[in-house]
Amino acid sequence: MITMSDVFEKVMDLAKRRGFIWPTSECYGAVAGFIDYGPLGAMMKRRVENIWRDFYVIGEGYYEIECPTIGQEAVFVASGHVKGFSDKMCQCPHCHEYLRADHVAEGGGVEGAATMGNEELAAAIAPCTCPACEEKLGKVEVFAFNLMFKTSIGPGSQRAGYLRPETAQGMFVDFGRLLRFYRDHLPFGAVQIGKSYRNEISPRQGMIRLREFTQAEAEIFVHPDEKDHPQFSRYAGYTMPLLTSAQQLGKEPAVTMTMREAVDRDLIANEYVAYYLALTHEMLIKIGVKADRLRFRQHLSDELAHYAADCWDAEVYSDRFGWVETVGIADRTDYDLKSHAGQSGTPMTVFIQYDQPKKVKRRRIVPNMSVLGKQYRNKAKAVFEALAQATPDEKGADIEVDGEKIHIPPNLFEVRDEVIEVRGDEVIPHVIEPSYGIDRMCYAVLEQAYDEDTADGETRTVLRLAPCVAPIQVAVFPLMNRDGLDTIAAEITQTLKARGMMAEYDDSSAIGRRYRRQDEIGTPFAITIDYQTKDDNSVTVRDRDSMKQVRIAIDKIPDTICSLVNGSAEFSAL
RNA sequence: GCGCCGAUAGUGUAGUGGUUAUCACUAGGCGUUGCCAACGCCUAAACCCGGGUUCAAGUCCCGGUCGGCGCACCA
């Protein structure tokens, strides 16, 4: 282990130098909040994404969909992003500091700032002092800063579009199609991996806060009364440290307990949330996050979105940035589907059939259309509607239409009591949403993998990447670049590639240098062809972390390397 | 956005306003080399961008961009 105060800089340096990530469009000057993944970074990121797919698409059976990254305005009106994703801001005329206008107002004792319009708020904060320079603000302009990138769709810019600030909305608006795809059954889920965009005011911290970033989100639609996960037994006994809201308020350390216990004690809202907390824990460990640098923190009531029933963040500890929110797992209730149903006019419900149809008594009031229609003419429709809701007695029914009280005598309608069969309910599903920040996961993987040790008195830089996320899975070296060793090495490389392995052949310079080069980019295994190979068809396999070597037969190479990379075999057991 | 600090080959760096911009590593070529950054020879490669001051700017000044830190922001 190394103790380095600034792993961040070393990791970023290595990332730039060896082609993991670098600033975008450097020849024109980079742009804050945007990065390029280089050859090795893009490869590693795909591996992380594919492990995510293994868990959600293959494991859970939630199919992946792909929606546009530009959405029309209505989508984000419904989601609340057009209104709620913007902050009311103002600029101090004295020190030119940008300030949150509503925060200034609250600090100055103004009530109801959150609901004020821009002009009203500007007037309200005029007597307040600037929190930065403590001058009296006076006349300022309050303006909205929306964190969404806005664009226009088609010529003439009649139609507003936004770059999506999250992938989630695509799955919500596709609800009807997805429901039919899953043959009208709850629960079901859909997932999406893709770019999202937020026009951050001041992005910082390398790849932690980006203006364009990759999200992997799952939207799991469940019956609101059935939040027990059918496969919960898989994780019922799974333990991990939980930092509940109570623990945080009491400044107590995280508690470790099983998921079963956490749900039973109501620390986690339901089995679904608990299941995905555990699944997330398992996945983050698999990609190489260290258990002691991973915790799950529950949102406090004041940071919980108003519609959410429960929300937990998986936080990964960074030497540079402290605890970084990397995954969010929320029970979003029926908020999103309700919003889109309301905005679009399309019902977003599932018909849940009863085991037995219910017989329900119903009173129906049938108006005498021909008489009432003539009598009330253009008001007739409103009269019929009011009458249907009325509770008539033997003297007739008293209704009110447009403020006018109307008496309908009993001979102008008929009251029918009937028994009808109700076969089920229309239910708005609740949504369980695990949402992963892929870029942050990649950063965590790199930072935690970075290590320096001493080999032969020299410092060795080594990325201890989990074999399953390492960009290059195996390197193949001929000990000498002659005597046929190079052709044997080239053949082995081809064989490995034919098995789908990312194998790299290298015959340049000294063998030690080649090992070091691969150590630095995290290649877990190296095969060396030496003179003994020509005698007995065996090669050495070298382990990156221990630098130990074992001999294996050439024909065993593909199977052995595959098992080592996918984790079904350990090097130490060879 | 504000404030402070910084920016020189791929990386890390030296560089009092005045020669052909220093050194190391890295990378490429050739040779050598029987397992962990070996060696020899050769080669490639940089003053962030735009103004200004000056006879002369990598160096001083102003603006911008990017990066780091603090503030603010982070549905």
Side-chain angles (χ1 to χ4, degrees), chain A residues 6 8-10 12-19 22-35 38 76 79-92 94-100 103-104 130-133 145-148 165-166 168 196 198-206 208-211 213 303-308 320-321 324-325 328 330 437 454-462 477-483 485 508-520 526-534 539-544 546-549 551:
Chain A
D6 240 340
F8 172 75
E9 263 155 36
K10 295 195 180 201
M12 284 306 163
D13 169 44
L14 187 145
K16 257 190 281 193
R17 210 157 27 82
R18 299 308 306 273
W22 52 57
T24 191
S25 60
E26 279 181 292
C27 66
Y28 290 107
V31 187
F34 297 92
I35 56 162
F76 299 110
S79 70
H81 286 99
V82 169
K83 265 201 173 144
F85 208 53
S86 66
D87 296 323
K88 288 192 190 332
M89 301 194 73
C90 64
Q91 190 177 21
C92 172
H94 312 290
C95 67
H96 308 293
E97 178 80 78
Y98 280 89
L99 308 161
R100 276 282 294 270
H103 288 187
V104 172
C130 169
C133 67
F145 180 80
N146 195 294
L147 258 35
M148 281 194 294
E166 57 179 22
S196 294
R198 295 179 191 180
N199 202 359
E200 299 283 356
I201 297 167
S202 163
R204 288 266 187 88
Q205 305 176 322
I208 300 287
R209 252 175 86 199
L210 294 170
R211 289 185 165 129
F213 56 101
E303 63 181 317
L304 197 60
H306 63 91
Y307 49 81
R320 181 58 163 264
F321 305 117
V324 176
E325 172 196 344
T454 306
D456 293 332
E458 296 222 41
T459 301
R460 179 176 79 125
T461 302
V462 48
F477 305 144
L479 183 62
M480 305 307 291
N481 191 11
R482 55 177 153 82
D483 302 328
L485 299 184
S508 74
S509 68
I511 188 83
R513 180 183 294 279
R514 285 179 259 167
Y515 288 138
R516 291 295 195 278
R517 269 203 287 255
Q518 296 296 334
D519 288 342
E520 198 182 38
I527 291 169
T528 301
I529 290 77
D530 57 16
Y531 285 92
Q532 191 181 331
T533 308
K534 296 179 76 172
V539 299
T540 63
V541 179
R542 174 206 186 244
D543 175 50
R544 174 197 67 202
S546 64
M547 296 170 69
K548 289 194 174 127
Q549 289 177 289
R551 290 204 84 86

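FYI, side chains are in, hydrogens and waters are out, and symmetry mates aren't considered; it's all heavy atoms of this structure. Just so it is clear, the structure is predicted and the values come from calculations on it, not from any experiment.
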query = What integer distance in Å separates Lys548(A):NZ from C36(B):P?
reply = 16 Å
Ile529(A) CD1 to Phe477(A) CZ distance, which is reported to the nearest 0.5 Å = 9.5 Å
inquiry  = Give me the distance, rounded to whole Å, that separates U13(B) from U19(B) when you measure between the P atoms they each carry.
reply    = 24 Å
message = Between G15(B) and G31(B), how many Å separate the two C1' atoms, rounded to a whole number?
response = 36 Å
Side chain Glu200(A) and base C73(B) donor-acceptor under 3.5 Å = no
ask   = Looking for any heavy atom pair under 4.0 Å, which part of the strands does Arg17(A) touch: base, sugar-phosphate only, or nothing?
value = sugar-phosphate
query = Is there a side-chain contact between Gln532(A) and Leu479(A) (heavy atoms, below 4.5 Å)?
reply = no
inquiry  = For the C1' atoms, the ones on G28(B) and on A9(B), what distance do you get once it is rounded to whole angstrom?
reply    = 15 Å
query = U8(B) and G68(B): how far apart are their P atoms, nearest whole angstrom?
reply = 15 Å
message = Mind checking if Asp530(A) touches a base, just sugar-phosphate, or nothing, with heavy atoms under 4.0 Å?
response = base
key: Position toward the 5' end of RNA chain B (nearest nucleotide), Gly512(A) or Arg209(A)   = Gly512(A)
task = Would you kindly compare Lys16(A) and Glu9(A) by the position of their nearest RNA chain B nucleotide and give the one closer to the 5′ end?
result = Lys16(A)
task = Measure the spacing between CD1 of Ile35(A) and OG1 of Thr24(A) and express it to the nearest 0.5 Å.
result = 9.0 Å
remark   = The reported gap from CZ in Arg320(A) to CE in Met12(A) (rounded to nearest 0.5 angstrom) is 9.5 Å
ask   = In Å, rounded to the nearest 0.5 Å, how long is the span from OG of Ser79(A) to CD of Glu166(A)?
value = 6.5 Å
key: Which nucleotide in G68(B), U33(B), C66(B) has an atom nearest any side-chain atom of Arg320(A)   = G68(B)
ask   = So, does the side chain of Tyr28(A) form a donor-acceptor pair with the base of C49(B) at under 3.5 Å?
value = no
ask   = Which part of the nucleic acid, if any, lies within contact of Ser508(A), taking any heavy atom under 4.0 Å across all strands shown: a base, the sugar-phosphate backbone alone, or nothing?
value = nothing
message = Within the 4.0 Å heavy-atom criterion, would you say Thr461(A) contacts the bases, only the backbone, or no part of the nucleic acid?
response = base
request  = Taking atom P in both U16(B) and C60(B), compute the distance separating them and give it to the nearest angstrom.
outcome  = 9 Å
Complement of A7(B), any strand, by Watson-Crick or G-U distances under 3.5 angstrom = U65(B)
ask   = Between A72(B), A38(B), C69(B), which nucleotide gets closest to the side-chain atoms of Ser202(A)?
value = A72(B)
message = In whole Å, measure the gap between the P atoms of C48(B) and A21(B) for me.
response = 15 Å
remark   = Phe34(A) atom CZ is separated from C66(B) atom C1', nearest whole Å, by 14 Å
request  = Determine which nucleotide pairs with C23(B), using a 3.5 Å limit on both distances of a Watson-Crick or G-U wobble pair.
outcome  = G12(B)
Quick test: give all pairs of protein nitrogen or oxygen and nucleotides 23-27 of chain B nitrogen or oxygen below 3.5 Å, distance rounded to 0.1 Å.
{"unit_1": "U26(B)", "atom_1": "OP1", "unit_2": "Arg513(A)", "atom_2": "NH1", "d": "2.6"}
{"unit_1": "U26(B)", "atom_1": "OP1", "unit_2": "Arg513(A)", "atom_2": "NH2", "d": "3.0"}
{"unit_1": "A27(B)", "atom_1": "OP1", "unit_2": "Arg517(A)", "atom_2": "NH1", "d": "2.5"}
{"unit_1": "A27(B)", "atom_1": "OP2", "unit_2": "Arg513(A)", "atom_2": "NH1", "d": "3.2"}

message = For C35(B), give the paired nucleotide (Watson-Crick: N1-N3 plus N6-O4 or O6-N4; G-U: N1-O2 and O6-N3; both under 3.5 Å), or none.
response = none
Nucleotide of U33(B), G67(B), C74(B) approaching Ala32(A) most closely (side-chain heavy atoms) = G67(B)
ask   = Which one is paired to G40(B), where only Watson-Crick or G-U wobble pairs with both distances under 3.5 angstrom count?
value = C30(B)
message = For a quick check of understanding: with a heavy-atom distance under 4.0 Å over all strands, which category does Leu479(A) fall into, base, sugar-phosphate or nothing?
response = base
message = Looking at U54(B), which nucleotide sits across from it as a Watson-Crick or G-U wobble partner, both distances under 3.5 angstrom, or is there none?
response = none
note = Quick note, Phe321(A) side chain, CB onward, closest among C35(B), C69(B), C74(B) is C69(B)
task = Report yes if the side chains of Met480(A) and Tyr531(A) come closer than 4.5 Å at any heavy-atom pair, otherwise no.
result = yes
query = On a whole-Å scale, what distance lies between the C1' atoms belonging to A56(B) and G17(B)?
reply = 7 Å
task = Can you measure from NZ (Lys548(A)) to CG (Asp543(A)) and round to the nearest 0.5 angstrom?
result = 8.5 Å
query = NA contact type, Gly206(A), heavy-atom cut-off 4.0 Å: base, sugar-phosphate, or nothing?
reply = sugar-phosphate
ask   = Nearest of A37(B), C69(B), C35(B) to any side-chain atom of Gln549(A)?
value = C35(B)
task = Under a 3.5 Å limit for both distances, which nucleotide forms a Watson-Crick or G-U wobble pair with C47(B), could you say?
result = none
request  = Would you give the length of the straight line joining atom OG of Ser508(A) to atom CZ of Arg513(A), rounded to the nearest 0.5 angstrom?
outcome  = 8.5 Å
ask   = Is any side-chain N of the basic residue among Glu458(A) and Arg516(A) closer than 4.0 Å to the acidic one's carboxylate O?
value = no
message = Can you measure Asp13(A) atom CG to G68(B) atom P for me and round it to whole angstrom units?
response = 14 Å
ask   = Applying a 3.5 Å limit to both distances, which nucleotide forms a Watson-Crick or G-U wobble pair with G17(B)?
value = none
inquiry  = Output the rounded distance in Å from NZ (Lys10(A)) to P (G68(B)).
reply    = 18 Å
request  = Can you tell me, in whole Å, how much space there is between the C1' of A24(B) and that of A14(B)?
outcome  = 11 Å
task = Send over the distance from Asn481(A) CG to G28(B) P, rounded to a whole Å.
result = 13 Å
message = Taking the minimum atom-to-atom distance to the side chain of Arg516(A), which one of A37(B), C66(B), G68(B) wins?
response = A37(B)
task = In whole angstrom, give the distance that lies between atom CD1 of Ile208(A) and atom C1' of C74(B).
result = 13 Å
message = Could you tell me how far apart Arg211(A) (CZ) and C74(B) (C1') are, to the nearest whole angstrom?
response = 12 Å
key: Protein-nucleotide distance (Arg514(A), atom CZ; G28(B), atom P), rounded to Å   = 12 Å
request  = Under 4.0 Å between any heavy atoms, over every strand shown, what does Thr540(A) touch: base, sugar-phosphate, or nothing? Just pick one.
outcome  = base
key: Paired nucleotide for C74(B) [Watson-Crick or G-U wobble; both distances under 3.5 Å]   = none
query = Taking everything shown except Lys534(A) itself, do over 12 heavy atoms lie less than 6.0 Å from its NZ?
reply = yes
task = Could you tell me whether the side chain of Arg211(A) and the main chain of Asn199(A) form a donor-acceptor pair under 3.5 Å?
result = no
